[in-house]
Structures are given as structure tokens and as C-alpha cells.
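Chain A is the first sequence line, chain B the second, and so forth, proteins listed ahead of strands; every chain is numbered from 1. Just so it is clear, the structure is predicted and the values come from calculations on it, not from any experiment.
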There are 2 protein chains.
Amino acid sequence: MHILLVEDDLQLGSAIQRALERLAYTVTWLRDGQSAIAGLADGSADLVLLDLGLPRRDGLEVLREARRQKVATPVIVMTARDSVEARVSGLDAGADDYLVKPFHLDELAARIRSVTRRHHGVAANRLEVGTISMDLATAEVSYRGERLELTRREFALLQALMERAGHIVRREALENSIYGLDTVVGRGALEVLMHSLRRKLGADAVQTVRGFGYMMPREPA
Amino acid sequence: MHILLVEDDLQLGSAIQRALERLAYTVTWLRDGQSAIAGLADGSADLVLLDLGLPRRDGLEVLREARRQKVATPVIVMTARDSVEARVSGLDAGADDYLVKPFHLDELAARIRSVTRRHHGVAANRLEVGTISMDLATAEVSYRGERLELTRREFALLQALMERAGHIVRREALENSIYGLDTVVGRGALEVLMHSLRRKLGADAVQTVRGFGYMMPREPA
DNA sequence: GGTCGTTAAGCTTTTTCGAAGCTTCGTGCG
DNA sequence: CGCACGAAGCTTCGAAAAAGCTTAACGACC
């Protein structure tokens, strides 16, 4: 899951980034409104965390612009301004949820889960495919009832596959989910990662679709 | 739909122009940054394809200048420089999307569709012709309700035919779609590919138009 | 000092392409 | 009209290339 964080405060930005990465989210951190619009237009983000007080372009403006361009990515707006007015105009501009600074990281995590759940339509605090089950709140994964230890990247990869179980997920989509926009890795990285994931889940938990990407079968083969 | 192509390389420029014209776009080809700014300001283009390495004015400069003048026309930036830096500065300067050279004609066509869709708000990642259906996002193809396994090239060929279903698609256009602008293959390759595609879809899914190319009938024969 | 994540390298599998011979189509000529 | 011939397309086969798998090794970060 790829989160676009738009926040100009360096200290707060890096704190949020690290916190989210510990929760196995992939975070791309942008510092101003201009890049935010570009990053949003790219369409690879699953969720945007948007600070309203930004340099170069106001956060609200970013949001309106994105919605005008029919970008449907869910947006959670963050602001220090604790006023009804700001809240209303944020939601009016197309935000999906709202956080008043300062906030607790737990609360942020809860909102993220709630917003993405709403967007996927179905309850999604827990992903289940076959005998694999993933708890997004605690980042715990179990396989045949046994608790499984996954690394951050393995978790991100598995989540991306489980969210679209039964469908082919293209290589590039996986790379975006796992590495975000700013990291460039060679094509081997995903393969090594897939290898180690398969070692933990069994070789046929994930099918290779040569030339395109991978697929996790909805029912075990 | 009117596309402004800004590219100084004569060979590449004319190849792109011809390719796009075959896709029924109207193309104006400009060769330097100075004219590009003028052409953009004119406002008649629906989309701009901008090469970053230009004589007389750098492509980035063109882009910034245009945005400064509030020209809202969507811009897809093309560059040989495969670096995060170039990508970010391109998007920062106001590009809507990004292509790294060398690219495939198909990819270009996809980006054009994606960008214009974003601007007009219409979605279209599913192609359907007769009982064949293709999902461009997941690379899944079904034929009479059954899922079909295609290779990369078969998929590209089928996509090119389905996009122009009901029309004759010239050999050359197909070769460009499948192999890109720079790769040269012998004339036999397409025939071999067509053969394997027909083996999967049935012999009469695609009609041969002797001397010109192939056509996929809009309604099954 | 250990875990994690990446690149590099060698190996396996699948795809792709060219070559060669065969078939079909269209045309021109007897 | 019918036949012969050349060009375009079809089919098969095998070698080369590409994609993916696996292991090893190194650096970064705890």
C-alpha cells in the first residue's frame, strides 16, 4: 500500500514517514503543493495524507485541483487550524477524512484503515485469501493458523497481492506499492523478494504470469 | 484531437508523427523550444508531447514558461535521462505524465489515453469485441467467458487489433505497436505471432487483408 | 553481530524470431 | 476459360533472447 505524504514540516514529516513505514506502509514524502499535484496525477498512490498549510500552493488548492482532474484517490487532510470552517472547507474540497494536529499516531493509523476500508467497499481490516490471513491493524500474518514472521517488504508485497487476489497484478504496480515513487530498484529486487515470500508461504501461493506480473489465486490450487 | 509534438530528432519525430496519425490523432510537429512556446500559447493543442533535450531552449524551460502563462494543456514529457531527478523535476515543472526513451508506441498510446481521460473524466481500461474481452490494467483476457493465457506479444497484438476493431490495421502499424519505434524485425515475425494468436482465438477471429494487414471484425462473422 | 534489502551472477524455463517449405490468391496470357 | 507464375501469407522448427528463479555477497541499519 502506497501512501503519499504531503507535509512541509521536516520534523513532523519524517516522524510520520517512519511511523507509517513501521506499519509496513510504503511512503513517498513530498514537501510542497506543486509536487503533490504531480504525484497525485501519477495515480500510483493508494492514499494521500495532505497537510493544509503548504508552501507554493495551499493544500486546499491541491485537493481541489486533484478532484477537478478526476483523481479519485482517497485523501486525509491534516491541519493545525482547529476550526469548523477549515474542517468544512476541507471536506467540501473532496477530503475523505480529517485529522487535527497534534494527533496520535494510533489515531492516524485508524483513520487510514477506515478510509481505505471505505474505499474498497468491503471491510478490510483483515484480508483473507485461502488459508492466509492478514491483520492490517497489527500487521500480523498467519498461514494455516500459524503466525508468520514477515519483513516490511514481504508484508507490503503480500498485501498488494492479497488486495487484488484472483487478478493479475502487474510488476510495475507491485513495485509502486512496495517502493513508492522515489526509490529506483533493479528488476531483480522484486524477484528476490518474491522468492523469500514464497519460501514462507509455499511455492504455489503466488503464480507467476510471465511477461506481466504475478497473481495470488483466490482459492488454493 | 490535436497533439503538439515537440521533438528535435528528425527520425524519431517523424516516426512518432506517423504513428500517431495512424491512430487518428492530428499532429503538429515542432522542432525547437522557441516554436514550442508559441505553439503552446496558441492554445489549440489538446495535448503536448515534449522532449526534454531540445535546442535553443531546454524542454523543462518550455514547460515552466507555459505553466507560468497559465497554459493548462496536459503535457507528457519524454526524456532519455532515466533518473529520478529528471522525473521529479519534470513532474514538478507541471508535466502530467512521463515517458523514458526508448518507449513503445503502445505505451505512448496508453499514456495519451490515460492523460486525456484524466482531463475529461472518462475511464476506459476495458476493451470488448464480440466475445473477447481484455482488461488493460490486469492484463487479463477472456474469450467466450474463459480466461485466456497470452504472452506479452500476443497481448500487444490483440490489443492493437481490438482498439481498431472493425477497421483494417496496416502491417506496419501493428509492427510499431508491438515492437516499438526502434526495434527492427523481419516481416515473418508478425505472421508467426498472428499464427499463435489465432491458435488461441480461433482462425477467424482475425481476418487477413491481403496486401494491407489485418482486421478484427466488430461483430463475429 | 545480526537482520534486512539490494545487486550481481549463473541457471532454468518460456518466448520470440528467422529460415524454409508449403498454401492461397490474384493476374496475365495462351 | 483455365492454367501458370509470382507474391503474400501460413505453418513448423530450432536457435537465440528474454524473463524469471535461486544463491551468494555486500552494505545499511539496528
Side-chain angles (χ1 to χ4, degrees), chain A residues 14 17-19 21-27 139 141 148-158 160-161 168-172 174-175 177-180 182-216, chain B residues 82 84 102 104 106 139 141 148-158 160-161 168-180 182-216:
Chain A
S14 89
Q17 177 171 38
R18 254 176 309 148
E21 282 176 349
R22 247 195 312 272
L23 292 174
Y25 292 111
T26 305
V27 179
V141 176
L148 211 60
E149 294 290 331
L150 296 186
T151 68
R152 202 159 69 69
R153 303 252 122 130
E154 287 162 2
F155 186 90
L157 172 57
L158 181 58
L161 288 166
I168 296 169
V169 189
R170 285 185 188 262
R171 250 195 123 75
E172 322 129 48
L174 288 173
E175 281 167 359
S177 280
I178 298 166
Y179 303 106
D182 40 12
T183 319
V184 178
V185 296
R187 43 159 254 118
L190 180 60
E191 279 155 32
V192 175
L193 191 59
M194 179 60 75
H195 181 57
S196 61
L197 183 63
R198 278 174 170 155
R199 212 155 40 199
K200 294 181 180 175
L201 288 173
D204 41 342
V206 182
Q207 291 176 12
T208 302
V209 185
R210 209 161 230 270
F212 299 98
Y214 297 87
M215 183 183 71
M216 168 161 281
Chain B
D82 182 15
V84 179
H104 270 217
D106 253 4
V141 177
L148 212 60
E149 308 246 325
L150 298 185
T151 69
R152 248 164 108 73
R153 303 251 124 122
E154 288 162 2
F155 184 88
L157 171 58
L158 181 59
L161 288 166
I168 297 171
V169 189
R170 286 180 182 273
R171 253 196 119 71
E172 204 189 329
L174 289 173
E175 282 166 356
N176 274 332
S177 278
I178 298 165
Y179 303 108
D182 40 9
T183 318
V184 184
V185 295
R187 43 159 269 115
L190 180 61
E191 278 155 32
V192 174
L193 192 58
M194 179 61 75
H195 180 59
S196 62
L197 183 62
R198 278 175 170 154
R199 213 156 40 200
K200 295 182 180 177
L201 286 174
D204 43 341
V206 182
Q207 293 175 11
T208 302
V209 185
R210 204 160 233 269
F212 296 94
Y214 297 88
M215 182 183 73
M216 167 160 282

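Taking atom CD on A:Glu191 and atom C1' on D:dT23, their separation rounds to 14 Å, with Å as the unit. Remark: P of C:dC25 and CD of B:Gln207 are 13 Å apart, rounded to the nearest angstrom. The distance between atom CG of B:Leu197 and atom C1' of D:dG9, rounded to the nearest whole Å, is 16 Å. Following rounding to the nearest Å, A:Arg199 (CZ) and C:dT3 (C1') show an atom-to-atom distance of 13 Å. For the pair A:Arg198 CZ and D:dT22 P, the computed distance is 7 Å after rounding to whole Å. Between A:Gln17 atom CD and D:dC29 atom P the separation is 13 Å, expressed in whole Å. Nucleotide D:dC10 holds its P atom 7 Å from the CE atom of B:Met194, rounded to whole Å. When rounded to the nearest whole Å, the span between CG of A:Leu157 and P of C:dG5 equals 11 Å.
Within the structure, every pair that satisfies the salt bridge (charged side-chain N to carboxylate O under 4.0 Å, His left out) test and touches residues 193-202 of chain B, not counting sequence neighbours, is listed here: B:Glu154-B:Lys200.
Between A:Tyr214 and D:dC21 there is a side-chain N or O to OP1 or OP2 distance below 4.0 Å. The phosphate of D:dG20 has OP1 or OP2 within less than 4.0 Å of a side-chain N or O from A:Arg171. Side-chain N/O atoms of A:His195 include one lying less than 4.0 angstrom from OP1 or OP2 on D:dT23.
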Show which side-chain atoms of residues 185-192 of chain A pair as donor or acceptor with protein atoms under 3.5 Å away, not counting sequence neighbours.
residue: A:Arg187; atom: NH1; partner: A:Glu191; partner atom: OE2; Å: 3.3
residue: A:Glu191; atom: OE2; partner: A:Arg171; partner atom: NH2; Å: 3.2

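For the pair B:Leu174 and B:Leu193, the minimum side-chain heavy-atom distance is 4.5 Å or more. Contact check for A:Leu161 versus A:Met194: side-chain heavy atoms found under the 4.5 Å cut-off. Considering only heavy atoms from C-beta on, A:Leu150 comes within 4.5 Å of A:Leu197 through its side chain.
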(request) Assign a letter to each nucleotide of nucleotides 15-20 of chain C from its 5' end: B, base within under 4.0 Å of a protein heavy atom; S, sugar-phosphate only; -, no contact. (result) SSBBB-
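Projected onto DNA chain D by closest heavy-atom contact, B:Val209 and A:Phe212 fall at different nucleotides, the more 5' of which corresponds to B:Val209.
Note on the helix from C:dG1-D:dC30 to C:dG30-D:dC1: angle between the axes of the first and last five pairs equals 30°, rounded to 10 degrees.
Atom CZ of B:Arg152 sits in a sparse spot, with 12 or fewer heavy atoms from other residues, nucleotides or ligands closer than 6.0 Å.
Closest heavy-atom contact between B:Met216 and B:Val206: CE-CG2, 4.0 Å.
A:Thr26 contributes no side-chain N or O that, together with a main-chain N or O of A:Gly180, makes up a donor-acceptor pair within less than 3.5 Å.
Among residues two or more places apart in sequence or in another chain, the ring-ring contact (aromatic ring centres under 6.0 Å, His included) test is passed with A:Phe212 by B:Phe155.
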